[in-house]
Each structure stands twice: as C-alpha cells, then as structure tokens.
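Below is one structure, written out as structure tokens, with a few remarks after it.
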Protein chains: 2
Amino acid sequence: MTTADNEAVQSGDKDRKFISALARGLDVLVCFMSSDRVLGNQEIAKRTGLPKSTVSRVTYTLTELGYLRYFMDQNKYCLGKTFIGLGYSMLAQMHIRRIARPLMQSLAEYTQASVNLGIRDRQNMVYIDTYRNSSTFTVQLDVGSQIPIATTSMGRAYLCALPEMERIKLMGQIRKSDEHSWPNIKLGIEQAMVDFKKKGFCYSLGEWREEVNAISVPLVASDNSEIMVFSCSGASFQLTSEMFEKDIGPRLQNLVGNVKTALSHLKV
Amino acid sequence: MTTADNEAVQSGDKDRKFISALARGLDVLVCFMSSDRVLGNQEIAKRTGLPKSTVSRVTYTLTELGYLRYFMDQNKYCLGKTFIGLGYSMLAQMHIRRIARPLMQSLAEYTQASVNLGIRDRQNMVYIDTYRNSSTFTVQLDVGSQIPIATTSMGRAYLCALPEMERIKLMGQIRKSDEHSWPNIKLGIEQAMVDFKKKGFCYSLGEWREEVNAISVPLVASDNSEIMVFSCSGASFQLTSEMFEKDIGPRLQNLVGNVKTALSHLKV
DNA sequence: AATATGAGTTCCGTATAGCGGAATTAGAGG
DNA sequence: CCTCTAATTCCGCTATACGGAACTCATATT
C-alpha cells in the first residue's frame, strides 16, 4: 500500500523510471479516502510512515495546487473539489451501470434489501452503484463506499472469479495486513470458494458486520479484462441463508446472466 | 494551470517547500479529466508541455501505482479506479445536496427542464447534482460534468457572487486562455453582472451552446467560505427569456433562499 | 508565571533522484 | 526495405527533494 511495497524498489537496485516523490505525494492523497475526511500533518505522517517534514512539504504543495483544502482554524486538510470531477468522469463511462440499473432496482424492490454493484480498487471493493427500497434498515452504504475484500461477500466473490495466480498474490497481501486474524479469514474465503464452485454464489453471514448478511455473484467481462460483482445485502434478521440459497441466489445469478448478454450485444 | 503558473516559482528564487515532481505528476493526471479519456504519452506531453522522457517516467510511475490503467494494444492510458472512490467520498459530505434535492426535483418537474447545482473547480464549473424530468431534451449533463465559467449562466452567476478582487483575478485568467474571443466574452459577463445586480439572477442564452438557454442564481454560504450555484437549463425553444424573467427566475431565487435558511438551521 | 506538551514549520548540508537531450527500439505504412 | 512516428532507455549533471534537528506557536498543567 505504501511506496515501500513497490516491487521494483524492493529488488535491490533502484528503478530509474520510478518517481518516488510523486508516489509519496499520492500516498498522502489516498489517506483522505478512508473514512476520515479531515486530517492534520501528524495524522498523515502516522498513516503513511513519512517523516514530519516531508509530509509538511507535500501538504504544502498539494494545497498550493488546489488538490487539498486547508482549514486554518484547526490546521488540517481535506480533499479539494478536483476529485469530484475526476471521480464522476470515470463513472460516466461505465456502460454497465445503465444496463444493470433497472434489473438491480427491481431486485431491490423484490427483496426489500440493498442490491449493489462493486469493483475492486487496491485492497477494497468499491460500490459503483447501489439500490435499495426506501424502507431498508441497516447500514446505508453509498456509491463510492469502500468495503474490505476478505470478509464481505462481494470481496469473496471477487476472489473466486480471480485467476489463481492473482488470487494467491492478493490473499498474500491480505494475510500480511492482518497476520493475527488470518486463520479465520482464510477459513471464510475457503468456504466461499467451495460455495461458489458448487452453487455459483457466495456469502458473508455476519462476518463483516455482525448484523449484516450478504450474497454475491461475480461478473467476468467477456474479454476477461475486468471483474465486477453484484451483491444483495441486508439485516440478518431479514435475509436468512435459506432465502439466499433458494430464492435470492438464483435471482442474482439470473441478473448477472442478463447483464452479461446485454453487455456483449452492446460491444459488438 | 500548469506548474509554471505557480506564483512562488515565478518570484525569483525557488520555493524550497514546493515539490515540483509531485506537481508535474498531478498535471499529468488532470489531463485525463477533460473530455478525452484515453491518452498516449505524446498527447500528454503536448498538453502539459513536459518533455517526452519526463512524461514517460510519470506515466510509468502512475501505472505502477495503479492510478493509471494501461491499454497495451494502443499503448495509451486512462484513469484508474481509485478516483471513483476519491470523488464519491467527497460528495457524501456535501449536506447541501440532501437539503436541495427535493426542491430541485420539484422545480425540474414544474419547468420540465434541468435543474442543476454546481461549484467551481479551477477554470470550470462542476455539476454536483442535477435533476430533470425524464422527458427532457437537449444535452444530458451528468453529475461531475464540467462546463466553462465565462459563457455559461452558472459560471457567470459564480463570477457575480465572487468578491471583486478574486473576480478580477479569475477574469484575467480567462482572458489569457483565449485572448481572441475575449471582447465578446467580456460583454457577456458584464451583461450578466448588470442583470444580477438588477434582478438577482443571470443568463446564458445560446452563448455556450447554440440551442441551450439557462438561468442561474448563486448561493453564498453564510460564512462566505463557499459559493454554490443553482441553474435551470433547457432547449432554447422550450425555455424563453420571458419565462426566465417572470416565472423561473423568481422561483429559482426562492429555491436558493429556502436552501440557505435550511442550511443555516442545520449548522447551528 | 513558569513549564511541559504536542503539532507544525523551517533550516540546511547532503546524496541522489529526477531531469532532459540524444540515441535506441518498436511498430505501422507504403 | 526504407520512412515516419511514438515510446522507451541511456547517461552525465545538477537542481531537488530529503530528513534530522532546531525552532515556533499554541494549549494545557502546576
């Protein structure tokens, strides 16, 4: 996650092509993505592992350029507006959203739960769309929300769809990030892979958040270039594993099938 | 806009605090924000004014870190998924959207046109929300869309609400970016300022896009920290200047007033 | 007041990271 | 096979970014 992880740097002699000052600066920017929106230099230094003076210079530069915004009363920073434009200009080009929208909505309506579409970025799954009936309880995750890979159904479905080599690599990274709880995490993933092989979908039953159950089905683009995941999630008292198994799972698979064929027609 | 513009750099001796490698890298990233989504090194070099070899190293670094994505068939790059998360995590914290939403929707319903909320980033206005009745014609601008400041009603309303010093500075920048059409652009802005002073709103009647008319009202946050702009836009044959003047303008002003009081109650 | 604490900024000598012009490679076309 | 165009790599140079230490500037604490 940090610059130090970069393979080229690890492997002995330095990579003449790699601009580490840029990497450090971006490391700082990424800090602001996680739940906290307002950070001071100290906090940033702790998260990135960069020395105080470096962080100070980076935040100075980013503020000067308008990528960070400075609150002088509490001298802390938050992200500048630029990233709104960047983020949305990306989503606009994702045709899949338009195609999937009506299907997701009607499934949300039917299940009275959330139906979500996510992709992977780094160590997280990111919602790029989510629909729910207005009466839905539980956590309200919005588009752009990030959830972990290892303990959520969405992340697990992603892992199941990933080519073996990459899956092993990613699981290694997950392991490193929390060596302690790895045994449990590993069990959860293995169970997911069994489920997926047998049924075509996988779960997270209270393993991410105590009170949340979810089921997911991955969608691998026809050219294998991208993996997206559809999930259905809700309060555990509302969505039982039997409902998933017999009703929602097949419907979700059906949804994915329909989206996939619609996509392939589009791309011709 | 480019690094060279940075004031500190201009003023003789260099700013020891400023990290230019970072600035250059971000200059490259920002290239991808404008309409084109896929760029090669050559194109990037042209836009940023950076030498080929530098661009090559920057794109290499950004790709390595996952901020850019590489298409090897056409060796070009596009933005990575990271920015989806960044963008959305920003919008989530904008309370104004929740407050304004119902009012914007009902005005969109009433006018059968688009009702939009925008803020400024750099040389553009950026939509952070937009509502329209499904039957609306004309350009479909989505959240995250960028429009120019000088020729749109939204940009002009922003200029009108800006403190004089800053307005002069910004207008200077606009002038520099297109010296040739400046005389006309200036006229448009001056007209807008007259309108705004007299009526409280201003227009763009076919001046941005031939077939689009729009009207805007700015909202200055009670602590003067931020300017937002509400606009109503649609096909010119559908929204006439009389309708703006007598009906839509006052309604839009009314909307802004309501949002402002709701905001101030919230912040206590 | 005096002292401590904690965060942020600035200084400054140094090593080196990043620079960019030139050479090289890779591809696409004719 | 040659010509163009674009991207990459090389490599010597020096400006650049680094980071430990010193310095501010608040805000508590006694």
Side-chain angles (χ1 to χ4, degrees), chain A residues 2-29 31-32 36 38-65 67-78, chain B residues 2-4 6 8-29 31-32 36 38-65 67-78:
Chain A
T2 320
T3 308
D5 291 352
N6 176 29
E7 298 159 33
V9 171
Q10 286 178 342
S11 66
D13 60 342
K14 288 130 190 185
D15 184 350
R16 301 277 262 131
K17 283 175 280 173
F18 192 80
I19 301 173
S20 53
L22 177 52
R24 270 188 288 259
L26 290 166
D27 275 353
V28 169
L29 270 184
C31 282
F32 290 90
D36 311 274
V38 182
L39 296 172
N41 281 345
Q42 170 91 336
E43 188 63 30
I44 296 169
K46 199 179 296 165
R47 297 198 189 195
T48 56
L50 296 168
K52 280 144 54 85
S53 51
T54 300
V55 171
S56 181
R57 264 173 294 124
V58 170
T59 52
Y60 170 84
T61 305
L62 292 173
T63 306
E64 197 72 16
L65 296 170
Y67 298 107
L68 288 183
R69 186 176 166 188
Y70 178 62
F71 297 109
M72 71 150 81
D73 52 336
Q74 44 179 342
N75 47 354
K76 296 196 168 177
Y77 303 84
C78 76
Chain B
T2 321
T3 310
N6 176 29
V9 171
Q10 286 179 342
S11 67
D13 60 340
K14 288 129 191 184
D15 185 350
R16 300 280 256 126
K17 283 174 280 174
F18 192 81
I19 301 172
S20 53
L22 178 52
R24 270 187 290 259
L26 291 167
D27 275 353
V28 169
L29 270 184
C31 283
F32 289 89
D36 310 275
V38 181
L39 296 172
N41 281 346
Q42 170 93 332
E43 188 63 30
I44 296 170
K46 199 179 296 167
R47 296 198 190 196
T48 56
L50 296 168
K52 282 144 53 84
S53 50
T54 300
V55 172
S56 181
R57 264 174 293 125
V58 170
T59 51
Y60 171 84
T61 305
L62 292 174
T63 307
E64 196 72 16
L65 296 169
Y67 298 107
L68 287 184
R69 186 174 165 191
Y70 178 62
F71 297 109
M72 69 152 80
D73 50 339
Q74 43 179 344
N75 49 351
K76 296 196 168 179
Y77 303 85
C78 76

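Letters go in sequence order (proteins before strands), and every chain restarts at 1. Only heavy atoms go into these numbers, but all of them, side chains included; no hydrogens, no water, no symmetry mates.
Between dT9(D), dG18(C), dA6(D), one nucleotide has an atom nearer to the side chain of Ser53(B) than all others, and that is dT9(D). Out of dT10(C), dA7(C), dT8(D), the shortest distance to the side chain of Ser56(A) is found at dT10(C).
Residue Gly40(B) is the one, among Ala21(A) and Gly40(B), whose nearest nucleotide of DNA chain D lies closer to the 5' end (criterion: closest heavy atom). Nucleotides of DNA chain C nearest to Glu43(A) and Leu22(A) differ in position, and the one nearer the 5' end is that of Glu43(A). Sequence order on DNA chain C of the closest nucleotides to Pro51(B) and Gln74(A) puts Gln74(A) first from the 5' end.
Phosphate proximity of dG18(C) to Arg57(B): absent, as no side-chain N or O sits under 4.0 Å from OP1 or OP2. Residue Thr54(A) places at least one side-chain N or O closer than 4.0 Å to OP1 or OP2 of dG19(D). Under 4.0 angstrom from either OP1 or OP2 of dC19(C) there lies at least one side-chain N or O belonging to Arg24(B). OP1 and OP2 of dA7(C) both lie 4.0 Å or more from every side-chain N or O belonging to Asn75(A). Contact check, Ser20(B) against dA17(D): a side-chain N or O comes under 4.0 Å of OP1 or OP2.
Ring geometry for Tyr60(A) against Phe18(B) counts as perpendicular: the plane angle is over 60°, on a 0 to 90° scale with 30° as the lower cut.
The closest side-chain donor-acceptor pair between Asn41(A) and Thr59(A) falls under 3.5 angstrom.
Whole-Å rounding puts the Leu62(A) CG to dA17(D) P distance at 13 Å. In this entry the distance linking CD of Gln42(A) with P of dT27(D) reads 17 Å, nearest Å. As rounded to whole Å, 13 Å separates atom P of dG8(C) from atom CG of Asp73(A). One atom, CG of Leu68(A), and another, P of dG8(C), lie 13 Å apart when rounded to the nearest Å. Put simply, NZ on Lys52(B) is 13 Å from P on dA23(C), counting in whole angstrom units. When the C1' atom of dA7(C) is taken as reference, atom CZ of Phe71(A) falls 18 Å away, rounded to whole Å. We find that CZ of Arg16(B) is positioned 13 Å from P of dT10(C), with the value rounded to whole Å. Distance CG (Asp15(B)) to P (dC18(D)): 14 Å, rounded to an integer number of Å.
Backbone-only engagement by Lys17(A) is indicated by non-hydrogen atom pairs under 4.0 Å involving sugar-phosphate atoms exclusively.
The two residues Lys76(B) and Val38(B) come nearest to each other via the heavy atoms CB-CG1, 3.5 Å. Of all heavy-atom pairs between Leu62(B) and Gly25(B), the closest is CD1-O, 4.1 Å. For Arg16(A) against Arg57(B), the heavy-atom pair with the smallest separation is O-CD, 3.8 Å.
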